[in-house]
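The structure appears below as structure tokens.
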Amino acid sequence: MGKPAQRVAELRRLIEDANYRYYVLDEPSIPDAEYDRLLRELQALEAAHPELADPNSPTQRVGTAPSAGFAEVRHAVPMLSLANAFSDEEVAEFVARITRETGDAEPVFSVEPKIDGLAISLRYEHGAFVRGATRGDGATGEDVTANLRTVRAIPLRLRGNAPAVLEVRGEVYMPKAEFERYNAWAREHGEKTLANPRNGAAGSLRQLDPRVTAKRPLSFFAYALGEVEGATLPPTHSQTLAWLRELGFPVCPETDTARGLDGLLAYYRKLGARREALPYEIDGAVYKLDRYDRQRAMGFVSRAPRWAIAHKYPAQEEATVVEAIDVQVGRTGALTPVARLRPVQVGGVTVTNATLHNADQVARLDVRVGDHVIVRRAGDVIPEVVRVIPERRSHDAKGRPLHPPYRLPDKCPVCGSAVEREEGEVVARCTGGLYCPAQRVQALHHFASRRAMDIEGLGERFITALVEFGYVRTVADLYRLTVEDFVEMKRRADERDGTVPETVKAGRIATKWAENLVAAIDASRNTTLERLLYALGIRDVGESTAKTLARHFGALDPIMHADEETLQAVPDIGPVVAARIAHFFAEPHNREVIAALRKAGVHWPEGPPRRSEEGPLAGKTVVLTGGLASMTREEAGAQLEALGAKVSGSVSKKTSFVVAGEAAGSKLAKAQELGIEIWDEARLLAFLREHA
Ligand code: IVH
């Protein structure tokens with residue numbers, strides 16, 4: 001073997017070994033970065049030496065070119081299905097049957113989770129993966145070899161002494177976390193969501209383009225054999241699973257053995273308790289008679305073995321009817337449509353509401369009031385409407401649906417403020433941030449925070465209590481609170497939470513803290529325009545935008561009256577933020593709160609606007625590069641902007657001058673190349689002093 005061939009073989013072995021440790025042993029051996037480096041080295045070598053190509057090289061897991069369709073594959077040994085048991089009694093009958101026919105008083109079973117994915121068969125010849133197929137009708141499936149190669153948990157080459165022919169059956173599945181991640185992404189990008197992880201796995205394997213499959217994070221567990229040639233099998237199924245693991249197949253770690261009916265039912269309960277916490281979905285437990293001689297004795301009926309059974313858990317999807325569609329407003333003002341459902345048991349819990357996520361999702365599902373829908377509840381995830389059952393939609397005499405397509409309201413259902421939804425945004429929001437009861441706690445919390453109005457001591461617990469007991473509705477109400485209000489509020493909160501302090505029970509009521517709070521609120525009356533602007537909690541108006549606005553306009557009124565166009569003309573304010581600011585101040589409720597703040601004595605110095613078209617640097621574009629000793633680049637930029645300059649991030653012919661600090665690099669070089677004026681720090685400082 002030549003040198004490249006040797007290295008290629010070595011790299012493949014290293015990568016396959018890392019896969020085995022990761023997927024089978026669940027003991028990752030090398031960091032991701034190292035894995036990626038090995039893979040890239042292998043890719044480069046294979047590209048340089050096409051004669052070393054191998055369809056089972058780990059590099060092939062990224063997916064090959066798309067195909068026109070899937071070929072049919074006849075399974076040498078048919079792929080069977082399992083009979084189901086829905087109650088302990090049915091399991092008892094199953095065990096009794098086995099005891100009767102085999103004479104085994106307490107038969108031993110291999111007990112396994114029933115993985116909710118897609119059954120597949122993998123064929124290996126002399127240790128190399130040659131073909132993979134779906135179950136199909138059990139006799140004939142589809143050849144999905146190229147897609148299966150992209151599933152990293154499936155070994156492309158077996159470890160150790162592999163038989164001449166080995167067919168391994170198991171389940172390809174999509175881990176729950178990956179399913180949730182995919183759907184979150186799909187919702188944000190207006191793509192169709194996956195109904196459940198099983199559909200995710202099935203849909204991904206059916207992709208005609210393996211490169212698409214490669215991007216879907218699928219995994220695999222082995223649980224049965226098909227055709228085998230050139231190997232003597234151990235006498236039990238559980239020993240076969242152990243052997244498969246040695247050969248490089250992941251076997252579900254919840255797999256175990258159990259004895260008799262009691263053993264099966266104990267396993268069922270234990271697994272059921274862990275169901276929600278498992279990283280993959282299961283819909284039951286599978287019990288398989290462990291001894292192969294006993295399996296042969298039991299035989300088959302139609303297409304299912306008599307030696308195995310699937311004991312099902314309550315379904316996580318059920319059908320019900322949408323009685324109404326409401327809208328919930330979250331703490332940040334986000335509007336979430338919610339389906340009110342005819343109560344239905346899903347996975348052992350009564351479900352009456354399901355999220356519809358957002359307006360796009362409602363439109364994609366086309367859910368309407370009165371529709372029959374499939375609801376899904378899995379783990380901690382909020383119940384969701386997965387799809388509508390269109391055949392069951394009611395129509396009027398003319399054949400038109402009884403209810404029109406659902407539309408999100410354009411007024412906030414909680415406070416009546418206008419609802420905004422920017423282009424390209426999935427979420428619609430209430431613009432009454434300062435007024436909306438749904439947003440009160442959030443608004444107050446932000447308002448009081450250190451970098452906003454800086455009201456010391458007004459934390460989450462007090463804010464929640466103030467809102468709940470009705471002491472404050474808007475931030476302006478804070479300024480009316482008295483020491484007595486706070487003391488009373490705390491007494492009520494303590495009573496409710498059962499946290500009444502001993503001193504209070506003894507009749508001594510501390511008031512110093514309340515006095516301090518009232519003083520802190522009073523002190524916050526004296527503020528600055530930029531703090532106030534930030535404190536209002538306009539979405540995307542952070543401290544820096546608040547500062548820019550304060551400087552540019554000098555006073556609050558012109559900001560409140562500015563239209564989107566005027567706001568966009570302010571440096572660093574783009575169309576999205578301009579729209580948010582304009583919508584915020586256009587909302588009468590917010591203006592009322594601001595008027596109330598003023599009336600409560602909140603004040604700030606106002607000055608003349610410092611427009612960029614004024615000042616000694618008006619019309620100049622400046623670029624800052626390198627490090628300055630006396631201040632940060634941001635501070636220098638702000639000072640230059642205050643003098644009318646526009647600060648830009650890149651050097652061009654339009655640049656008026658470049659301020660170059662320590663270790664200035666490519667920007668300085670480019671400025672020199674273009675013959676642009678260059679200032680050092682000393683010159684900058686002199687200029688700033690002169691114009692201070
Ligand atoms: S054994 C001869 N074991 O359930 C028995 N099946 O209804 C062949 N499944 O098509 C199947 N987890 O998709 C077996 N641990 C497990 C399983 C399992 C999930 C699925 C598989 C099969 C269906 C049978």
Side-chain angles (χ1 to χ4, degrees), residues 73 75-86 90-91 94 98 109-122 132-142 144 148 151 153-154 167-175 196-202 204-206 218-228 233 236-238 240-242 244-245 249-258 264 267-268 271-272 274-275 278-292 294-313 315-316:
V73 177
H75 299 298
V77 175
M79 289 181 77
L80 303 171
S81 59
L82 294 169
N84 290 323
F86 294 96
E90 287 175 76
V91 178
F94 165 74
I98 287 169
F109 295 90
S110 170
V111 290
E112 311 166 10
K114 186 166 190 295
I115 312 292
D116 206 3
L118 194 73
I120 52 147
S121 183
L122 304 168
T134 60
R135 177 169 178 274
D137 61 5
T140 311
E142 283 178 324
V144 287
L148 289 170
V151 179
I154 294 178
E167 276 183 13
V168 172
R169 271 100 194 245
E171 203 85 351
V172 165
Y173 66 92
M174 181 177 271
N196 50 45
R198 176 165 34 101
N199 284 17
S204 303
L205 274 193
R206 288 260 160 61
L218 301 180
S219 202
F220 174 76
F221 283 133
Y223 52 63
L225 289 178
E227 189 179 15
V228 182
L233 295 183
T236 66
H237 177 68
S238 53
T240 297
L241 291 181
L244 288 180
R245 220 169 104 91
F249 295 96
V251 172
C252 180
E254 306 299 319
T255 301
D256 204 345
T257 54
L264 297 185
Y267 177 76
Y268 180 78
L271 184 64
R274 287 181 40 72
R275 182 182 186 190
L278 294 174
Y280 38 81
E281 286 218 327
I282 65 171
D283 58 346
V286 181
Y287 312 138
K288 300 172 182 170
L289 200 50
D290 204 28
R291 280 173 57 165
Y292 287 136
R294 299 285 195 258
Q295 288 190 5
R296 277 190 293 275
M298 293 300 295
F300 299 86
V301 276
S302 65
R303 300 224 310 262
R306 295 179 69 241
W307 43 262
I309 202 161
H311 190 181
K312 302 293 280 270
Y313 289 113
Q316 291 181 316

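No experiment lies behind these values; they were computed from the predicted model shown. Order of listing sets the numbers, starting from 1, for every ligand and every atom in it.
In terms of N/O distances under 3.5 Å, ligand 1 is approached by E171. Below 3.5 Å of separation, one finds no N or O of L118 facing any N or O of ligand 1. Ligand 1 has an N or O atom lying under 3.5 Å from an N or O atom of L82, backbone or side chain. Considering backbone and side-chain N/O of K288, one or more are found under 3.5 Å from N/O of ligand 1. When only interatomic distances are considered, the shortest N/O to N/O separation between I115 and ligand 1 falls below 3.5 Å.
Proximity annotation for atom 21 (C) of ligand 1: of W307, Y223, F300, Y223 comes nearest, heavy atoms only.
Among protein heavy atoms, the minimum distance from atom 15 (N) of ligand 1 is reached at E112 OE1, 2.8 Å. Protein heavy atom in closest approach to atom 23 (C) of ligand 1: K114 NZ, 4.0 Å. For atom 8 (C) of ligand 1, the nearest protein heavy atom (residue, atom name, distance) is L80 O, 3.9 Å.
Close approach of ligand 1 to P113 (heavy-atom distance below 4.0 Å) involves ligand atoms 12 (N), 15 (N). Ligand 1 places these atoms under 4.0 Å from at least one heavy atom of P305: 2 (C). Residue contact check: A119 has heavy atoms under 4.0 Å from atoms 10 (O), 13 (O), 21 (C) of ligand 1.
Here the shortest heavy-atom pairing between F94 and R306 reads CE1-O, 3.7 Å. Across every non-hydrogen atom of G200 and L218, the tightest pair is O-CD2, 4.4 Å. Closest approach of M174 to A201, counting heavy atoms only: N-CB, 4.1 Å. Here the shortest heavy-atom pairing between L82 and K114 reads CD1-CE, 4.4 Å.
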With side chain to side chain contact (heavy atoms under 4.5 Å, CB included) as the test, would you mind laying out the steps for R169 and R135 before giving the verdict?
-> CA-CA 9 Å; R169 271 100 194 245; R135 177 169 178 274; over 6 Å; no
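Between Y267 and F109, the gap from one ring centroid to the other reaches at least 6.0 Å.
At a heavy-atom distance under 4.0 Å, only side-chain atoms of R135, from C-beta outward, approach ligand 1.
The line from CD of E281 to CD of Q316 is 4.5 Å long, rounded to the nearest 0.5 Å. Atoms OG1 and NE2, from T140 and H75 in turn, are 7.0 Å apart once rounded to the nearest 0.5 Å. Expressed to the nearest 0.5 Å, how far NZ of K312 lies from CD of E90 amounts to 11.5 Å.
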